[in-house]
Amino acid sequence: MSAQREMKEKNPWHKPLTIIITVIGVIAIVALVTVAGLQNRPVFQKYKYGIVLDAGSSHTALYIYKWPAEKDNNTGRIEQKHSCKVKGKGISSYAAVPEKAGTSLTECMQEAEMQVPAWRHQETPLYLGATAGMRLLNMENKVASDKVFEAVEKALQRFPFSYQGARILSGQEEGAFGWVTVNYLDDRLKQGLQTTGALDLGGASTQISFVPHEYDISESPSNAVAFQLYGNYYNLYTHSFLCYGKDQALRMALAHQTRSGPIAISDPCFHPDYSVTRNYNTLYDSPCVSERKPKVAPLNFTHTGEGNFLQCQEVIRSLFNFKSCKYSKCSFNGIFQPPVQGSFGAFSAYYFVMNFLNLTDGSMSLETITNYVANYCSTPWDQIKKVYPDINEKYLAEYCFSGTYILTLLTEGYNFNTETFSKIKFIKEIKGSDAGWTLGYMLNLTNMIPAETKDSPPLPHAGYVSIVTVIVLLLFILVTLFILSFRSIWPKCSKEPQIV
Ligand SMILES: O=c1ccn([C@@H]2O[C@H](COP(=O)(O)OP(=O)(O)O)[C@@H](O)[C@H]2O)c(=O)[nH]1
């Protein structure tokens with residue numbers, strides 16, 4: 001009989017001890033792996049939510065954002081969970097029937113009730129921000145604007161969310177929050193990367209925001225917004241041009257062409273053979289043009305198209321005043337603007353128009369895009385209608401103007417050249433969340449972006465659990481080896497009779 005066998009037979013503890021150590025070891029490993037697994041499992045149903053209503057001049061949209069509840073401390077990524085386009089026009093169009101501004105929101109709010117889990121309703125903040133449409137109504141008729149807000153507040157307070165108020169955003173806020181959204185979604189803020197500029201084109205106003213090189217903030221303080229985000233400092237240039245959204249710009253272009261009160265105009269910004277009758281009162285019913293209404297004019301005028309890109313550019317150029325500039329550099333209308341710098345994201349109507357025209361492919365040069373729009377404008381109206389039978393004619397008719405307006409605003413208004421234009425990306429969304437001011441607005445109001453970087457633990461949680469598991473495993477192996485190495489001095493006892 002070998003010495004080993006002899007020892008096994010003489011040592012009654014050998015087998016049970018090995019089994020016990022193995023069982024404990026296996027239990028320890030299973031427990032550790034389970035704990036690690038549970039810790040790192042995606043936590044279902046553990047989201048928090050926030051709702052922002054963007055009450056624009058042409059329409060209202062509702063956005064629901066969500067973020068991991070346990071990462072409430074500014075570290076969790078916020079993303080868009082759902083969006084809902086309110087049926088009908090913007091809330092400013094209900095000035096004569098304010099209650100309808102409130103009821104128009106009902107359907108989307110009911111959708112929000114379904115989208116946010118019921119147990120989170122009460123703690124979910126709900127904001128409404130109104131932009132240029134309400135800015136104009138407020139200028140024109142403050143009483144009517146207040147009534148619209150009253151109706152909207154009443155309607156929103158009926159829902160079980162934590163209502164945080166409805167207000168008009170300043171143009172500066174609209175521009176700055178759009179910039180925050182784009183850079184937050186691109187992960188540029190947390191990482192302190194070079195930021196992207198933001199170009200937003202609405203129906204009634206347009207915004208440009210970017211961080212310029214060597215920008216002297218004192219030159220025009222009203223265009224400067226200083227931020228400290230995640231420990232990084234930003235001196236943002238931003239400007240919002242009221243009346244230069246695409247719908248009000250079109251009004252201004254038509255007002256320019258009807259300034260003498262004619263009975264008909266031949267408009268280079270509309271397709272050849274296009275013809276509609278327009279009403280003078282309706283056209284001039286906006287603070288952007290009301291003062292320019294001709295003293296003597298018929299009730300209506302015939303609006304026909306000519307489809308001439310270069311002449312359309314001439315008309316659009318007349319909307320910009322390039323004459324006076326009291327700063328070192330201006331865009332237009334005497335507004336300070338440093339030279340455009342770096343990459344830009346162009347969203348809202350910039351995207352809708354360029355996407356319709358199939359011009360969002362970043363590889364196209366300014367020249368190619370210009371030629372395309374010129375060719376599109378010169379296409380007869382009947383042909384356009386045949387190519388796009390499903391698109392509402394009112395909107396379809398305006399893409400020639402809108403495309404020309406975008407190119408003129410960017411190149412002549414903001415001074416983008418062939419090279420800097422190539423750095424503009426026409427975008428709708430970034431990583432599933434829409435580009436626009438709403439996310440930046442909510443991040444700001446909920447303090448979700450810290451000014452300072454947080455002191456983070458040296459290891460992420462998952463890494464910590466893994467390292468602990470490996471160390472415990474190693475310890476277990478070492479202890480086992482240690483115990484086994486003392487086998488020879490284990491007590492020599494056995495249940496079986498000893499063979500001596
Ligand atoms: O699906 C859409 C939604 C909007 N728009 C246009 O985009 C602009 C958006 O304007 P918004 O209502 O946001 O106006 P703001 O208040 O920001 O000026 C308007 O000209 C709309 O007609 C569009 O072409 N397609």
Side-chain angles (χ1 to χ4, degrees), residues 52-63 83-95 101 104-105 108 128-140 145 148-149 152 166-179 181 198-209 238-254 269 286-288 346-360 388 390-406 409 426-429 434-441:
V52 186
L53 283 145
D54 169 359
S57 62
S58 69
H59 74 295
T60 301
L62 176 147
Y63 297 95
S83 72
C84 176
K85 196 171 168 182
V86 170
K87 283 189 196 131
K89 293 185 174 179
I91 58 169
S92 55
S93 67
Y94 296 103
S104 73
L105 309 177
C108 279
L128 181 138
T131 52
M134 285 303 285
R135 254 174 246 147
L136 289 174
L137 180 63
N138 193 263
M139 279 165 56
E140 201 184 10
S145 147
V148 167
F149 271 116
V152 159
R167 56 179 278 257
I168 300 177
L169 267 75
S170 69
Q172 201 191 48
E173 286 177 306
E174 195 178 357
F177 291 136
W179 178 88
T181 299
L199 294 162
D200 184 354
L201 179 62
S205 72
T206 189
Q207 288 72 238
I208 176 167
S209 314
T238 185
H239 190 78
S240 174
F241 289 91
L242 190 59
C243 296
Y244 287 80
K246 77 176 179 61
D247 303 333
Q248 292 299 328
L250 175 58
R251 264 182 206 263
M252 292 198 290
L254 288 173
C269 302
S286 153
C288 297
F347 46 89
S348 307
Y350 278 116
Y351 177 82
F352 298 131
V353 172
M354 296 308 255
N355 183 52
F356 170 83
L357 296 170
N358 243 328
L359 298 172
T360 51
Y388 305 100
D390 300 331
I391 296 187
N392 179 321
E393 284 189 17
K394 182 202 168 318
Y395 297 111
L396 187 60
E398 293 177 6
Y399 283 112
C400 163
F401 169 82
S402 305
T404 314
Y405 178 63
I406 285 175
L409 174 66
F426 295 95
I427 50 166
K428 182 183 186 299
E429 53 176 45
D434 283 42
W437 59 266
T438 50
L439 177 55
Y441 187 63

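For ligands, and for the atoms within them, numbers begin at 1 and follow the listed sequence.
In this structure, the ring of Tyr395 has its center no less than 6.0 angstrom from the ring center of Phe356.
Gly90 approaches Thr60 most closely through the heavy-atom pair CA-OG1, 4.4 Å. Across every non-hydrogen atom of Ser92 and Ser57, the tightest pair is OG-O, 4.1 Å.
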Side chains of residues 240-247: which donor-acceptor pairs under 3.5 Å do they make with residues two or more places apart or in other chains?
{"residue": "Ser240", "atom": "OG", "partner": "Gln207", "partner atom": "OE1", "Å": "2.8"}
{"residue": "Tyr244", "atom": "OH", "partner": "Leu319", "partner atom": "O", "Å": "2.6"}
{"residue": "Tyr244", "atom": "OH", "partner": "Asn333", "partner atom": "ND2", "Å": "3.0"}

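Shown here are the side chain to side chain contact (heavy atoms under 4.5 Å, CB included) partners of Glu173, two or more places apart in sequence or in another chain: Arg167, Leu169, Ser170, Phe177. In this view, Phe149 satisfies the ring pair (Phe, Tyr, Trp, His ring centres under 6.0 Å) rule with no residue, not counting sequence neighbours.
Residues with a heavy atom under 4.0 Å from ligand 1: Gly56, Ser57, Ser58, His59, Lys85, Thr131, Ala132, Glu174, Gly202, Gly203, Ala204, Ser205, Lys246, Asp247, Ala349, Phe352.
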